Amino acid sequence: MRVLLTGAAGFIGSRVRAALTAAGHEVIAIDAMLSAAHGDTSAPPDGVLEVDVRDASGLASLLPGVDVVCHQAAVVGAGVDAADAPNYGSHNDFGTTVLLAEMFAAGCRRLVLASSMVVYGQGAYDCPAHGAVDPLPRTRADLDAGSFDHKCPIGGEPLQWRLVGEDAPLRPRSLYAASKVAQEHYALAWAEATGGSVVALRYHNVYGPHMPRDTPYSGVAAIFRSSIERGEPPRVFEDGGQMRDFVHVDDVAAANVAAVAAQRDGFAAFNVCSGGPVSILDVASRLCEARDAAPPIITGDYRSGDVRHIVADPARAADELGFRAAIDPRDGLAEFAFAPLRG
């Protein structure tokens, strides 16, 4: 198939491009080459066209004859402060609406959308006394006191995290999360209005070679790596017990290949995860052990808007897309401890 791939020079997009090409697809690769993602690089890599998804004319010249669009382009990260909101809204949401409009004009009706686990907000929890509950957001007073775990909103009992399925409510807790929910909603409305097909892939914590180095928008695994390379122990927020699912970038690329090959109608969302949840402290500890570095420091600090636990259910992607992660986080993190990072 002929695939238009946005964000093709990025950490994830470059691996998606390689996987799609290896699977026999003809890939038209574009990237806006934003400095936040690519540093001071002035030119795109070979085979990648410098096109911003907000540029309707640039898209219009590329979309005729395209079978499916694989939309990876986005400004990522939790958002450092409220001043970031226009940047997320412009690149992620306005850019997606321009892309959808140009796809309609060109007669392309299939989209694979890079979404994120952040759309779920706080995750899913069970109370031993009251069953499945939706906890209230953690208060600043509790966090300042070192009380990091959610309590039952009915009786105050400690809660246990559980796997989040794709039918969970979407409740964004950050600027980035709000922009990803908006992308999904625009794509859903577009699919219903046009008879198109959308597969939204909700990536969990992606890591792997050539991940961006330590910036306010980097993933936590890269931030830990950068600390170790500076000779400093990684600093772990809260008590380190936050549970996440870390999925290797090559598994994410494989999920995109599966989604491009899938023949589906309407809108469907899928978790892209390893199925092997780990704590943030365990991630830091594995990286330190692999590099024979000093152990991490548990700081007790916290970031406003962070969620306690968010762990995905991989079943739907396995059943309906045939996607199962191949790389165990224990093996992948050991490799990542020495993998090259982006500047």
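Residues: numbered from 1 along the sequence shown. Since the model is a prediction, treat every value here as computed from it, not as a measurement.
- Counting heavy atoms from C-beta outward, Arg54 and His91 have side chains that approach closer than 4.5 Å.
- Every side-chain hydrogen bond (donor to acceptor under 3.5 Å, both in side chains) that Arg225 has, sequence neighbours left out, goes to Glu229.
- Residues Val118 and Arg173 form no side-chain contact, since every pair of their non-hydrogen atoms from C-beta on lies 4.5 Å or further apart.
- Here Arg162 pairs with Asp126 in a salt bridge; the nearest charged N to carboxylate O distance falls below 4.0 Å.
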Q. What's the verdict on side chain to side chain contact (heavy atoms under 4.5 Å, CB included) for Met117 and Val164, showing C-alpha distance, side-chain angles and the deciding distance?
A. CA-CA 9 Å; Met117 59 130 183; Val164 179; over 6 Å; no
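- Side-chain N/O atoms of Ser197 and Asp265 include no donor and acceptor closer than 3.5 Å.
- Here the side chain of Lys180 pairs a donor or acceptor atom with the backbone of Ala114 at under 3.5 angstrom.
- In this structure, Ser279 contributes its side chain and Met243 its backbone to no donor-acceptor pair below 3.5 Å.
- Applying the side chain to side chain contact (heavy atoms under 4.5 Å, CB included) test to Ala189 and every residue at least two apart in sequence or in another chain returns nothing.
- A donor-acceptor contact closer than 3.5 angstrom is absent between the side chains of Tyr203 and Asp251.
- Judged by distance alone, the side chain of Arg286 and the main-chain N or O of Leu333 form no donor-acceptor pair under 3.5 Å.
- Looking only at side-chain heavy atoms (C-beta outward), Leu159 and Lys151 stay at 4.5 Å or farther from each other.
- Counting heavy atoms from C-beta outward, Leu113 and Leu201 have side chains that stay 4.5 Å or more apart.
- Remark: Asp93 pairs with no residue by the side-chain hydrogen bond (donor to acceptor under 3.5 Å, both in side chains) rule, at least two apart or across chains.
- Partners of Arg202 according to the salt bridge (Lys or Arg N to Asp or Glu O under 4.0 Å) rule, which considers only residues two or more places apart in sequence or in another chain, are Glu184.
- Every residue meeting the side chain to side chain contact (heavy atoms under 4.5 Å, CB included) condition with Glu320, not counting sequence neighbours, appears here in chain and number order: Arg264, Phe270, Arg316.
- Using cut-offs of 30° and 60° for the angle between ring planes, the His309 and Trp161 rings count as tilted.
- Judged by distance alone, with hydrogens and angles left aside, the side-chain atoms of Glu102 form no donor-acceptor pair with the main-chain N or O of Leu63 at under 3.5 Å.
- Every residue two or more places apart in sequence or in another chain was checked for a side-chain hydrogen bond (donor to acceptor under 3.5 Å, both in side chains) with Ser116, and none qualifies.
- Of the possible polar contacts, one joining the Thr299 side chain to the Val236 backbone as a donor-acceptor pair under 3.5 Å is found.
- In terms of the side chain to side chain contact (heavy atoms under 4.5 Å, CB included) criterion, residue partners of Ala253 (sequence neighbours excluded) are, by chain and number, Arg15, Val16, Ala19.
- Put simply, the side chain of Pro314 reaches to within 4.5 Å of the side chain of Cys273, judged on heavy atoms.
- Residue pairs satisfying the ring-ring contact (aromatic ring centres under 6.0 Å, His included) criterion with at least one member in residues 119-146, sequence neighbours excluded, are listed as follows: Tyr125-His150.
- Take Thr21 and apply the side-chain hydrogen bond (donor to acceptor under 3.5 Å, both in side chains) test, not counting sequence neighbours, and it matches no residue.
- For Asp328, the salt bridge (Lys or Arg N to Asp or Glu O under 4.0 Å) partners two or more places apart in sequence, or in a different chain, are Arg330.
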Q: Kindly determine whether Asp31 and Gln72 satisfy side-chain hydrogen bond (donor to acceptor under 3.5 Å, both in side chains), including the steps that lead there.
A: CA-CA 9 Å; Asp31 198 293; Gln72 307 295 315; over 6 Å; no
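- The neighbour count for Asp319 CG, taken as heavy atoms of other residues, nucleotides or ligands under 6.0 Å away, is above 12.
- For Arg291, the CZ atom sits in a packed shell: over 12 heavy atoms of surrounding residues, nucleotides or ligands are nearer than 6.0 Å.
- The heavy-atom pair separating Val48 from Ile30 by the smallest distance is CG1-C, 4.0 Å.
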Side chains of residues 137-144: which donor-acceptor partners sit under 3.5 Å, not counting sequence neighbours?
residue : atom : partner : partner atom : Å
Arg138  : NH1  : Phe148  : O            : 2.9
Arg138  : NH1  : Glu238  : OE1          : 2.9
Arg138  : NH1  : Glu238  : OE2          : 3.2
Arg138  : NH2  : Glu238  : OE2          : 2.9
Arg138  : NH2  : Asp306  : O            : 3.1
Thr139  : OG1  : Asp142  : N            : 3.1
Thr139  : OG1  : Asp142  : OD2          : 3.4
Arg140  : NH1  : Tyr302  : OH           : 3.4
Asp144  : OD1  : Tyr302  : OH           : 2.6

Q) When you look at Asp67 and Arg110, which way does the salt bridge (charged side-chain N to carboxylate O under 4.0 Å, His left out) test go after all the steps? A) CA-CA 7 Å; Asp67 299 298; Arg110 293 190 58 213; over 6 Å; no
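- For Glu335, the side chain to side chain contact (heavy atoms under 4.5 Å, CB included) partners two or more places apart in sequence, or in a different chain, are Pro209, His248.
- Heavy-atom neighbours of Phe104 CZ from other residues, nucleotides or ligands within 6.0 Å: at or below the threshold of 12.
- Two residues are said to be in side-chain contact when any heavy atoms from C-beta on lie closer than 4.5 Å; His71 and Val53 meet this criterion.
- Within the 4.5 Å cutoff, the side chain of Asp245 has no heavy atoms near those of the Asn271 side chain.
- Glu232 and Ser227 are not linked by any side-chain donor-acceptor pair at a separation below 3.5 angstrom, with hydrogens and angles left out of the test.
- Checking side-chain atoms of Ser90 against main-chain N and O of Asn87 turns up no donor-acceptor pair under 3.5 Å.
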